[in-house]
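Bear in mind the structure is a predicted one, so any value in this text is a computation, not a measurement.
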Amino acid sequence: QVQLVESGGGLVQAGGSLRLSCAASGRTFSSYAKGWFRQAPGKEREFVAAINWSGARTYYTDSVNGRFTISRVNAKNTVYLQMNSLKPEDTAVYYCAADQVFSTVVAGKYLEVWGQGTLVTVSS
């Protein structure tokens, strides 16, 4: 069974940092682009960051650019999201996802595999 499992969420004060991890099991995703998405209470899921298969190309939504960093270690089949200078508006369930096409990840629709999510709460 193919799975993406997120971890690293939790409660943090505004200005703090968290690092999310997304580990794949059941198959290797080293040739896949991967992304992070989030869904805040009462809002639609939104794109946060994407990384191509090699890690050479990344893309961020404007609201996190300069504060969040996406990275990956293919040998560990894992993608990370380092989140710094967190704000209360970053509070959401964060999901990772994978697809063979980088632009599909950025678009956020019809991705092949999704994780179950991890909750990030930023207190003011």
Is the closest side-chain heavy-atom distance between Val73 and Tyr80 below 4.5 Å?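 Yes, at least one pair of side-chain atoms sits under 4.5 Å.
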
Are the side chains of Glu6 and Leu20 in touch, meaning some heavy atoms are under 4.5 Å apart?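 No, side chains not in contact.
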
Out of curiosity, does [Y] fall in the hydrophobic cluster containing [X] (side-chain heavy atoms, cut-off under 4.5 Å, transitive links)?
X: Ile70; Y: Val93; value: no
X: Tyr32; Y: Val79; value: no
X: Trp36; Y: Val12; value: yes
X: Phe29; Y: Leu111; value: no

Would you mind listing every salt bridge (charged side-chain N to carboxylate O under 4.0 Å, His left out) that reaches into residues 59-88, with sequence neighbours excluded?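 Of all non-adjacent pairs touching residues 59-88, those that pass salt bridge (charged side-chain N to carboxylate O under 4.0 Å, His left out) are Arg67-Asp90.
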
Quick test of your reading: applying salt bridge (charged side-chain N to carboxylate O under 4.0 Å, His left out), list the pairs with at least one residue in residues 98-120, sequence neighbours left out, ordered by first then second residue.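 Every pair satisfying salt bridge (charged side-chain N to carboxylate O under 4.0 Å, His left out) with a residue in residues 98-120: there are none.
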
Does anything in residues 6-64 pair up under disulfide (SG to SG under 2.5 Å), and if so which pairs, sequence neighbours excluded?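 Listed by first then second residue: Cys22-Cys96.
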
Using a side-chain heavy atom cutoff under 4.5 Å and only I, L, V, M, F, W and Y, what cluster partners does Val5 have?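 Joined to Val5, directly or through intermediates: none.
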
How long is the span from the [atom1] atom in [X] to the [atom2] atom in [Y], to the nearest 0.5 Å?
X: Gln39; Y: Glu46; atom1: CD; atom2: CD; value: 9.5 Å
X: Gln82; Y: Leu18; atom1: CD; atom2: CG; value: 8.5 Å
X: Leu81; Y: Lys34; atom1: CG; atom2: NZ; value: 13.5 Å

Please list all pairs passing the side chain to side chain donor-acceptor pair (under 3.5 Å) test where one or both residues lie in residues 115-124, with sequence neighbours left out.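 Every candidate side chain to side chain donor-acceptor pair (under 3.5 Å) pair involving residues 115-124 fails, so no pair, neighbours aside, qualifies.
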
With Ser63, which residues qualify under side-chain hydrogen bond (donor to acceptor under 3.5 Å, both in side chains), at least two apart?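 Listed in chain order: Arg38.
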
Going by the rule side-chain hydrogen bond (donor to acceptor under 3.5 Å, both in side chains), which residues pair with Ser17 if we only count those two or more places apart in sequence or in a different chain?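 Ser17 satisfies side-chain hydrogen bond (donor to acceptor under 3.5 Å, both in side chains) with Asn84 once adjacent residues are dropped.
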
All side chain to side chain contact (heavy atoms under 4.5 Å, CB included) counterparts of Ala23, not counting sequence neighbours: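 Result, side chain to side chain contact (heavy atoms under 4.5 Å, CB included) vs Ala23: Thr78.
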
Qualifying residues under side chain to side chain contact (heavy atoms under 4.5 Å, CB included), relative to Ala14, sequence neighbours excluded: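 Scan of Ala14 (side chain to side chain contact (heavy atoms under 4.5 Å, CB included), adjacent residues dropped) gives Pro88, Val122.
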
Check: residues 49-57 side-chain donor-acceptor pairs under 3.5 Å, at least two apart:
| unit_1 | atom_1 | unit_2 | atom_2 | d |
| --- | --- | --- | --- | --- |
| Asn52 | OD1 | Gly55 | N | 3.0 |
| Asn52 | OD1 | Ala56 | N | 3.0 |
| Asn52 | OD1 | Arg57 | N | 2.9 |
| Asn52 | ND2 | Ser54 | OG | 3.4 |
| Ser54 | OG | Ala56 | N | 3.2 |

Can you list every ring pair (Phe, Tyr, Trp, His ring centres under 6.0 Å) pair that touches residues 55-78, not counting sequence neighbours?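 Those involving residues 55-78 are Phe47-Tyr59.
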
Could you name each residue pair satisfying ring pair (Phe, Tyr, Trp, His ring centres under 6.0 Å) that touches residues 93-124, not counting sequence neighbours?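 Only Phe37-Trp114 qualify under ring pair (Phe, Tyr, Trp, His ring centres under 6.0 Å).
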
If you look at every heavy atom in Asn77 and Ser30, which pair is closest and at what distance?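 Of all heavy-atom pairs spanning Asn77 and Ser30, the closest is OD1-N, 4.1 Å.
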
